[in-house]
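Worth saying up front: this structure is predicted, and the values here are computed from it rather than measured.
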Amino acid sequence: MSRSTEPTPTEVMFRADEASRRLGIELVEHGEGTAAVRMTVSSSMVNGHGTAHGGYLFLLADTAFACACNSHGPVTVAAGADIVFVAPAREGDVLVARAEERARYGRSGVYDVSVRRGGEVIAEFRGRSRSVRDATARETTGTTTKESR
């Protein structure tokens with residue numbers, strides 16, 4: 001079987017994810033309900049304690065989560081997420097976040113993401129997803145977007 005030349009939903013979404021790409025995050029593998037992304041901790045990501053700021057670790061895990069939950073096709077967003085920081089990361093560390101689908105039901109899903117430096121777990125993340133009914137809708141009642149101002 002030859003692979004289609006059409007980009008997958010994950011590839012389309014990741015190409016449009018300027019925030020992740022500007023931080024040097026790379027999509028290293030993906031499939032149905034799974035994804036792995038990689039990032040090197042830069043000096044601008046280090047906090048006052050000399051370790052990677054937790055927000056960057058969350059962002060890396062969230063990117064893997066987004067790639068995995070969007071692999072099925074419908075536009076899917078985070079409904080919530082939690083992270084547990086297990087060990088510090090430092091400048092120069094190469095981190096890989098691997099997301100796996102745990103459950104999908106209706107428009108909702110649950111995904112676990114492990115962030116590792118080599119074989120060592122740095123953080124564990126659990127994300128809850130929700131597929132959007134109308135992918136063209138950019139506003140919700142009571143929300144003002146740049147386009148609607």
Side-chain angles (χ1 to χ4, degrees), residues 3-132 135 138-140 143-147 149:
R3 183 184 157 141
S4 169
T5 58
E6 288 292 312
T8 66
T10 299
E11 291 166 336
V12 170
M13 187 217 53
F14 189 76
R15 286 179 191 157
D17 183 352
E18 203 165 322
S20 295
R21 288 185 301 102
R22 282 187 181 222
L23 289 173
I25 295 175
E26 304 167 84
L27 177 62
V28 292
E29 58 184 76
H30 66 285
E32 287 243 342
T34 66
V37 296
R38 177 176 47 224
M39 175 183 80
T40 301
V41 177
S42 69
S43 61
S44 64
M45 297 175 182
V46 175
N47 64 23
H49 299 296
T51 60
H53 190 290
Y56 289 106
L57 300 181
F58 188 97
L59 188 145
L60 178 66
D62 188 49
T63 299
F65 162 57
C67 288
C69 68
N70 278 278
S71 66
H72 299 289
V75 172
T76 303
V77 296
D82 301 294
I83 194 165
V84 176
F85 301 110
V86 179
R90 302 197 188 292
E91 182 179 348
D93 286 350
V94 176
L95 306 178
V96 175
R98 186 171 305 280
E100 293 184 27
E101 184 177 276
R102 295 296 180 217
R104 216 170 109 220
Y105 46 97
R107 294 188 306 127
S108 299
V110 177
Y111 295 77
D112 286 337
V113 182
S114 288
V115 178
R116 294 176 181 270
R117 174 185 48 226
E120 182 184 10
V121 173
I122 298 298
E124 290 289 339
F125 172 106
R126 173 158 276 189
R128 295 168 303 284
S129 68
R130 186 79 170 163
S131 293
V132 178
R138 297 287 179 206
E139 299 179 32
T140 58
T143 302
T144 304
T145 65
K146 186 176 177 182
E147 294 80 16
R149 284 188 217 143

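- Considering only heavy atoms from C-beta on, H30 comes within 4.5 Å of E11 through its side chain.
- The nearest pair of heavy atoms linking N47 to A52 is ND2-O, 4.0 Å.
- Checked against side chain to side chain donor-acceptor pair (under 3.5 Å), R21 has no partners two or more places apart in sequence or in another chain.
- For the atom pair R98 CZ and F125 CZ, the distance stands at 16.0 Å (nearest 0.5 Å).
- Every residue two or more places apart in sequence or in another chain was checked for a salt bridge (Lys or Arg N to Asp or Glu O under 4.0 Å) with D17, and none qualifies.
- Taking CG of N70 as the reference point, atom OG1 of T10 lies at 6.5 Å (rounded to 0.5 Å).
- Residues A68 and H72 approach most closely at O-CD2, 4.4 Å, considering heavy atoms.
- In this structure, the side chains of M45 and H53 stay at 4.5 Å or more apart for every pair of heavy atoms.
- Residues I25 and M39 meet the side-chain proximity criterion, which asks for heavy atoms closer than 4.5 Å.
- Qualifying side chain to side chain donor-acceptor pair (under 3.5 Å) partners for S42, counting only residues two or more places apart in sequence or in other chains: S44.
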Which side-chain N or O atoms in residues 55-67 pair as donor and acceptor under 3.5 Å with protein atoms at least two apart or in another chain?
from, atom 1, to, atom 2, distance (Å)
T63, OG1, S20, OG, 2.8
T63, OG1, L59, O, 2.9

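- Under the 4.0 Å criterion applied to side-chain N and carboxylate O atoms, R102 and E100 are assigned as salt-bridge partners.
- In terms of modelled atom types and a separation under 3.5 Å, the side chain of S131 and the main chain of T76 share no donor-acceptor contact.
- Taking all atoms of both residues into account, the shortest heavy-atom contact from S108 to R130 is OG-NH1, 2.9 Å.
- Partners of V77 according to the side chain to side chain contact (heavy atoms under 4.5 Å, CB included) rule, which considers only residues two or more places apart in sequence or in another chain, are V132.
- With values rounded to the nearest 0.5 angstrom, T34 atom OG1 is found 7.0 Å from E29 atom CD.
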Could you go through residues 82-96 and list every donor-acceptor pair under 3.5 Å that involves a side-chain atom there, pairing it with any protein atom two or more places apart or in another chain?
from, atom 1, to, atom 2, distance (Å)
D82, OD2, R128, NH1, 3.1
D93, OD2, R90, N, 2.7
D93, OD2, R117, NH1, 2.7

